[in-house]
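Here the structure comes first, spelled out in structure tokens, and everything after it is commentary.
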4 protein chains.
Amino acid sequence: MRKQPRQKRSREMVEALVDATATVLAERGLDHTTTNHIAEAAGVSVGSLYQYFPDKEALVEALLERMIRDVTRTFNRTLGEMNPGHMALDELARNAITVGLAALRANPLHLELIRNWHRLPVSGPLDQLEQYFLTAGRLYFLEQFREHPVDNLPARLYVLINSTVFTLARFLGQDPPMMRERAVVDALVDTIVGAFAVRD
Amino acid sequence: MRKQPRQKRSREMVEALVDATATVLAERGLDHTTTNHIAEAAGVSVGSLYQYFPDKEALVEALLERMIRDVTRTFNRTLGEMNPGHMALDELARNAITVGLAALRANPLHLELIRNWHRLPVSGPLDQLEQYFLTAGRLYFLEQFREHPVDNLPARLYVLINSTVFTLARFLGQDPPMMRERAVVDALVDTIVGAFAVRD
Amino acid sequence: MRKQPRQKRSREMVEALVDATATVLAERGLDHTTTNHIAEAAGVSVGSLYQYFPDKEALVEALLERMIRDVTRTFNRTLGEMNPGHMALDELARNAITVGLAALRANPLHLELIRNWHRLPVSGPLDQLEQYFLTAGRLYFLEQFREHPVDNLPARLYVLINSTVFTLARFLGQDPPMMRERAVVDALVDTIVGAFAVRD
Amino acid sequence: MRKQPRQKRSREMVEALVDATATVLAERGLDHTTTNHIAEAAGVSVGSLYQYFPDKEALVEALLERMIRDVTRTFNRTLGEMNPGHMALDELARNAITVGLAALRANPLHLELIRNWHRLPVSGPLDQLEQYFLTAGRLYFLEQFREHPVDNLPARLYVLINSTVFTLARFLGQDPPMMRERAVVDALVDTIVGAFAVRD
DNA sequence: CATGAATGAGTATTCATTCAT
DNA sequence: AATGAATGAATACTCATTCAT
């Protein structure tokens, strides 16, 4: 009973530290994110930071995991509302891209993480997120294209997911942009749709 | 007259330093590349390095520029030999992807640069390379699809180029790979072809 | 009346903390012994630790004092049983060395303390132990060598006690040992005996 | 030819750093000796320190090695002057102890190193010094006691060397001293002599 | 009194850059 | 021009001690 508040404070501290990690990462970039900065941003001492996380990696890992939880949760909720079963592929794709683009723009953190995927302390969470989208896509297609099963489906989805994500990241990283946003979104949608168009 | 040899030595030194940068970058990765390593690999002193380049960034920038020169040159030559005008899009795409994949695997440098594109000192050279491919693609399509002009061509090419490059980089960065190579290449080719398939 | 239990608890706490100090010191060595480890080993909080001891030094000091109490007590009891008055010097020396060696091997704590005598918070307790052995030795010799009083007795004992203790500590600290154990024990015994042999 | 001054400077820097290590170690003790202190004492930056020594351990190791070189050299020279072949054991022992005691008093460094022998980064140098004295003692005894070969000679020397060194260290560490210096020296000499006295 | 979360000065080590020779 | 020794700010992490609850 006495332990509740303690655990709560603990959870709050962990939360605050992960928040701070996100903030500092978004503001200064992975390269210039130091444990002292994170502690300062969280309003605590470095010592406290190390009471909750064994090292810097663990902080980033926790952030990744939380982010993935949030993304999948948001995605699931959005999907439920969108009722994608009744939605054409192009509409679905456009929605997803628009939402994703807005999210990336709203939070520089995601952009920074995508850009630095290969330097992240653990590859697990990222692969996990990829898997999640792969599975989600697979379910959608199994239902929608029951009549015309798609050849090589997992690989196609793998390509499309990575294509979309990294192309958006690249697009957002260009200042001034090399293309008009509308054109890029259109092209992405067309690419996705084209990849599943029935061909003889 | 006395200046010739000086300029020649100068050019040789610059060349050697850029070579060394490439070597060290490929061997140790951007994160673990130090100016001292580069100077050592070039067989000169750090002091000399700083005589020719104002800082570390400038070295990487020079490397990027040279690489882009080389890539475009190689590409131009290869295109001339392939005579792509007589090649179907799928064949062309498969060739390009296969060659690109082999090149990335053969030289870790390119993979490292692609992965770190957002940390590269200048965006100019990279954008330039993108432009080059964009233009090359545009020419090909203008010739091939004269009858069925493609809507939104630049953006489509932009998407496809980035998709291909970053998806390959992501694929090569996964160990163990999440997909079989053959499947990924097939899916990439299909995606490219699909993006230009005539649809009503 | 209320004070009794408080004092009792207090004594128990102090005891537990000193026990914990001994355990941790033996397990991790003086260098890697932290107050948090000690508190944890004692099953109390660091805060409590600091309620009973002003700082880390005080803990070690208390441990030293207790250890000295124990050692002298044990020694007194053993002496009583051995009846050393009827024992030749070489037999006595060999017994003492054998027992001491076994004790040092059995409990890494003592070895650790001997090795770090100069870093121990207070010299008092250690000097006290030395004094104790000095006095014990003096009594023995006064009785045994009544006929041939030994010149310079205290200093001789001082030298022999320190010689024996530190040589054993040094011997146990060498891995692989530089000498065979049997040879070292023999030499120590001979040294002790030789130091009191009648010479003209 | 150009390399001479460079190598000379290098040697001087190494020397200065080892000197500084000795100074700081003597002044602050092993525990409070930091690389920054050493660099400061040497009048250089930490960076320079790390250009000449891979880590802190290497510095202490170098110091140990130099010290052992100095000690053995001094000992050899002194022995040559003393002509120990014509010296009685007690005279020799008294000389050695007096000289050793003076040296330890003159330079707190040696005292600090002896006290911390078990924490020194490498045991090699110390064992080496021990071996040196062992061998030196052996040679002396083989010559002097040709008629009455000593039983168990190496172990006896081992015991006497460690006894003398650590007893002196202990004696010097006590303030106020527990015994008069003269008495301790006498007792040490007697102990050494007694250990080789012919007994039946 | 007990708790243990919080503190923050302190430690070894790295590396881009400078500058005396 | 060339050298490479020297610099020192920066970084991740530890641990004795304090203090709000």
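So that the names make sense, note that chain A is the first sequence line, chain B the second, and so on, each numbered from 1. Only heavy atoms go into these numbers, but all of them, side chains included; no hydrogens, no water, no symmetry mates.
Residue contacts shown for C:V46 include a base, since a base heavy atom lies under 4.0 Å away. Among the protein residues, A:S48 comes within range of the nucleic acid bases, having at least one heavy atom under 4.0 Å from a base atom. Within 4.0 Å of D:F53, counting heavy atoms only, lies no atom of the nucleic acid at all.
To the nearest angstrom, C1' of E:dA12 lies 12 Å from CG of D:L59. Nucleotide F:dA12 holds its P atom 21 Å from the OH atom of A:Y52, rounded to whole Å. The distance between atom CD of D:E40 and atom C1' of E:dT11, rounded to the nearest whole Å, is 15 Å. We find that CG of D:L49 is positioned 16 Å from P of E:dC15, with the value rounded to whole Å. Between the C1' atom of F:dC15 and the CG atom of D:D31 lies a distance of 14 Å, rounded to the nearest Å. F:dC13 atom P lies 10 Å from atom CD1 of A:I38, rounded to whole Å. Rounded to whole Å, the distance from CD on D:Q51 to P on F:dA5 is 6 Å. Rounding to whole angstrom units, NZ of residue D:K56 and C1' of E:dT13 are separated by 12 Å.
The line from CG of C:L63 to CG of C:D19 is 9.0 Å long, rounded to the nearest 0.5 Å. Atoms CZ and CG, on A:R115 and A:L120 in that order, are 13.5 Å from each other to the nearest 0.5 Å.
When each of A:V122, A:L59, A:L129 is paired with A:L64, the side-chain contact (heavy atoms from CB on, under 4.5 Å) condition holds for A:V122 and for no other. Applying the side-chain contact (heavy atoms from CB on, under 4.5 Å) test between D:T34 and each of D:N36, D:I38, D:D31 identifies D:N36 as the sole match.
Residue B:E65 qualifies as enclosed at atom CD: its count of foreign heavy atoms under 6.0 Å is above 12.
Residues D:W117 and C:G173 come closest through the heavy atom pair CH2-CA, 4.2 Å.
As the counterpart of E:dC19, F:dG4 is assigned, both hydrogen-bonding distances of the Watson-Crick or G-U wobble pattern falling under 3.5 Å. Across all strands shown, E:dG10 is found opposite F:dC13 as a Watson-Crick or G-U wobble partner, with both distances under 3.5 Å.
Listed nucleotides E:dT18, F:dT3, F:dA16 differ in distance to B:Y50; the shortest reach to its side chain belongs to E:dT18. Distance from the side chain of D:S45 is smallest for F:dT7 among the nucleotides F:dT7, E:dA2, E:dT17. Closest to the B:T34 side chain, of the nucleotides E:dC15, F:dA1, E:dA2, is E:dC15. The A:D55 side chain lies nearest to F:dC13 when the options are E:dT7, F:dC13, F:dT11. For A:T35, whose side chain is taken as the heavy atoms from C-beta onward, the closest listed nucleotide among E:dT18, F:dA12, E:dA12 is F:dA12.
The 5' end of DNA chain F is approached more closely, in terms of each residue's nearest nucleotide, by B:V44 than by the other of D:G43 and B:V44. Nearest-nucleotide assignment on DNA chain E puts the 5′-proximal partner with A:M13, out of A:M13 and D:P54. Nucleotides of DNA chain F nearest to B:N36 and A:H32 differ in position, and the one nearer the 5' end is that of B:N36.
For the C1' atom pair drawn from E:dC1 and F:dT21, the interatomic distance equals 13 Å after rounding to whole Å.
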